[in-house]
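First the structure, in the form of structure tokens, and then the observations on it.
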There are 2 protein chains.
Amino acid sequence: MKNNFSVLYLENQLCFPLYAASRLTTKIYAPYLKALDITYPQYLVLLILWQHQIQSVSEIGEQLLLESNTLTPLLKRLEAKKIIVRKRSKTDERTVMVSLTPSGEKMKEKAQTIPTQIMGSFQGEEISESELLNFQKTLKKLVHILGSKSNQ
Amino acid sequence: MKNNFSVLYLENQLCFPLYAASRLTTKIYAPYLKALDITYPQYLVLLILWQHQIQSVSEIGEQLLLESNTLTPLLKRLEAKKIIVRKRSKTDERTVMVSLTPSGEKMKEKAQTIPTQIMGSFQGEEISESELLNFQKTLKKLVHILGSKSNQ
DNA sequence: TACATTTGTATCGCACACGATATAATCTTA
DNA sequence: TAAGATTATATCGTGTGCGATACAAATGTA
């Protein structure tokens with residue numbers, strides 16, 4: 001029988017494992033990304049640009065659930081490293097368009113091997129592929145629900 | 001059979017959603033925690049102290065997967081708010097023991113309603129309880145696997 | 001018992017996150 | 001079309017995370 005405070009135990013909560021898993025995942029990426037001299041959030045921005053070539057700050061923000069208060073400094077750091085270019089739109093002076101430099105474009109090749117290596121870290125005897133797929137499905141739902149709850 | 005596409009897909013559908021879910025969860029907690037004038041990581045420390053009364057910095061770190069570089073400043077902020085007390089151990093001058101003040105002890109009552117309120121806001125969502133339990137189970141396994149991979 | 005090693009915290013610097021606020025450009029509408 | 005509202009970025013301040021390093025206390029060992 002659960003007492004009233006059992007809900008306050010760390011292991012009974014959903015949020016702590018999410019927080020831990022997120023940080024541990026970032027740590028797994030770190031050595032691979034360090035070879036490219038980028039961080040995990042910077043890698044996420046590059047994933048978008050490798051796919052879409054050019055995006056506004058807010059378009060990037062919509063996909064990563066981040067806003068300009070986080071993105072502007074991050075993008076300036078990527079620009080300082082000559083990986084991207086930031087340029088005000090001619091048609092709407094408010095928006096800043098972000099695109100890759102040749103150097104940033106070239107990084108795509110090197111980055112291509114990362115996902116396979118990372119997914120290896122998620123492999124373990126305890127988790128089957130089908131379990132991982134189920135997990136990913138619920139996780140996606142959860143993000144969707146949390147996303148709608150957090151901005152209302 | 002796993003091709004490059006499925007690996008890429010899984011990476012993007014697993015690592016980024018973990019990162020997003022963690023941040024969104026913290027955002028959901030924020031208004032409840034603001035009423036107690038604490039942050040989410042500070043709340044995690046209090047969860048441990050409400051259960052164990054007194055813990056060393058490294059014991060807290062083992063449970064939260066954090067080290068003194070993160071914990072020391074965080075604990076100092078909690079001490080400044082008169083929620084906890086930090087005291088060097090008599091038997092081993094290296095270790096710092098952390099415990100609750102009466103004020104910090106009292107916060108347990110108020111905090112008890114938080115998990116229930118948050119879980120309640122998920123009523124009627126398209127995730128069943130059994131799906132959530134399965135999810136939680138895989139998540140814990142994942143944290144275990146990632147934890148062992150990240151510190152080697 | 002000296003001396004090297006390990007352990008537990010602390011400090012430093014950098015890069016996020018994010019609420020709050022500012023600012024300029026664009027859009028709405030009276 | 002002038003004035004108010006909205007939109008897109010940027011800035012600021014605070015609080016994490018975390019790798020690297022420092023340092024003193026405790027432990028191990030010759």
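Every chain is numbered from 1, with letters handed out A, B, ... down the list of sequences.
- Of the possible polar contacts, none joining the A:S22 side chain to the A:L18 backbone as a donor-acceptor pair under 3.5 Å is found.
- OP1 or OP2 of D:dA10 lies within a sub-4.0 Å distance of a side-chain N or O belonging to A:R86.
- Using a 4.0 Å heavy-atom distance criterion, B:T39 is classed as a sugar-phosphate-only contact.
- Look at B:R86 and B:E79 and you find a salt bridge, because one of the NZ, NE, NH1 or NH2 atoms lies within 4.0 Å of a carboxylate O, short of that distance.
- Residues A:Q63 and A:Q55 have side chains that bring a donor and an acceptor to within less than 3.5 angstrom of each other.
- Here the CG-CD1 distance, from A:L100 to A:I84, works out to 8.0 Å after rounding to the nearest 0.5 Å.
- The aromatic rings of B:Y43 and B:Y29 are tilted relative to each other, their planes meeting at an angle between 30° and 60°.
- Listed nucleotides: D:dT9, C:dC16, D:dT11. Nearest to the side chain of A:K76: D:dT11.
- Closest to the side chain of B:D92, out of D:dT16, C:dA10, D:dA25, is D:dA25.
- When rounded to the nearest whole Å, the span between CZ of B:R94 and P of C:dA10 equals 13 Å.
- Between B:S68 and A:T95, the residue whose closest nucleotide on DNA chain D is further toward the 5' end is A:T95.
- Residue contacts for B:S89: at a heavy-atom cut-off of 4.0 Å it reaches no nucleic acid atom on any strand shown.
- Between B:Y19 and C:dC16 there is no side-chain N or O to OP1 or OP2 distance below 4.0 Å.
- Checked by atom type, the side-chain pair B:E62/B:S58 shows no donor-acceptor distance below 3.5 Å.
- For A:T72, a side-chain nitrogen or oxygen approaches OP1 or OP2 of D:dA10 to under 4.0 Å.
- Closest to the side chain of A:V57, from the set D:dT9, C:dC16, C:dA17, is D:dT9.
- Atom CG in A:L64 sits about 12 Å away from atom P in C:dC16, given to the nearest Å.
- DNA chain D lies under 4.0 Å from at least one heavy atom of each of the following residues of residues 26-36 of chain A: A:K27, A:K34.
- Distance, B:R77 CZ to C:dA10 P: 13 Å, rounded to whole Å.
- With hydrogens and angles ignored, the 3.5 Å screen pairs a side-chain donor or acceptor of B:W50 with a backbone N or O of B:G104.
- A close approach under 4.0 Å does occur between a side-chain nitrogen or oxygen of B:S58 and OP1 or OP2 of C:dT9.
- Using a distance-only test at 3.5 Å, with no hydrogens or angles considered, no donor-acceptor pair links the side chain of A:E67 to the main chain of A:G61.
- Computed from coordinates, the B:F16 CZ to C:dA17 P distance equals 11 Å when rounded to whole Å.
- Remark: A:R23 is not in phosphate contact with D:dG19, judged by side-chain N or O atoms under 4.0 Å from OP1 or OP2.
- Atom CD in B:E67 sits about 13 Å away from atom P in C:dA10, given to the nearest Å.
- C:dG8 atom P lies 12 Å from atom CE of B:M97, rounded to whole Å.
- The residue A:L74 sits close only to the backbone: its heavy atoms come under 4.0 Å of sugar-phosphate atoms, none of a base.
- Rounded to whole Å, atom C1' of D:dA10 lies 15 Å from atom CD of A:E93.
- Sequence order on DNA chain D of the closest nucleotides to A:N69 and A:L24 puts A:N69 first from the 5' end.
- For A:K81 and A:L66, each mapped to the nucleotide of DNA chain C holding its nearest heavy atom, the one lying further toward the 5' end belongs to A:K81.
- With DNA chain C read from its 5' end, the first of the two nearest nucleotides for B:V96 and A:K90 is the one closest to B:V96.
- Counting to the nearest Å, the P atom of C:dC16 and the OH atom of A:Y43 are 15 Å from each other.
- Note that CD of B:Q42 is 6.5 Å distant from CZ of B:R77, once rounded to the nearest 0.5 Å.
- Phosphate contact (OP1/OP2 of C:dA24, side-chain N/O of A:R88, threshold under 4.0 Å): absent.
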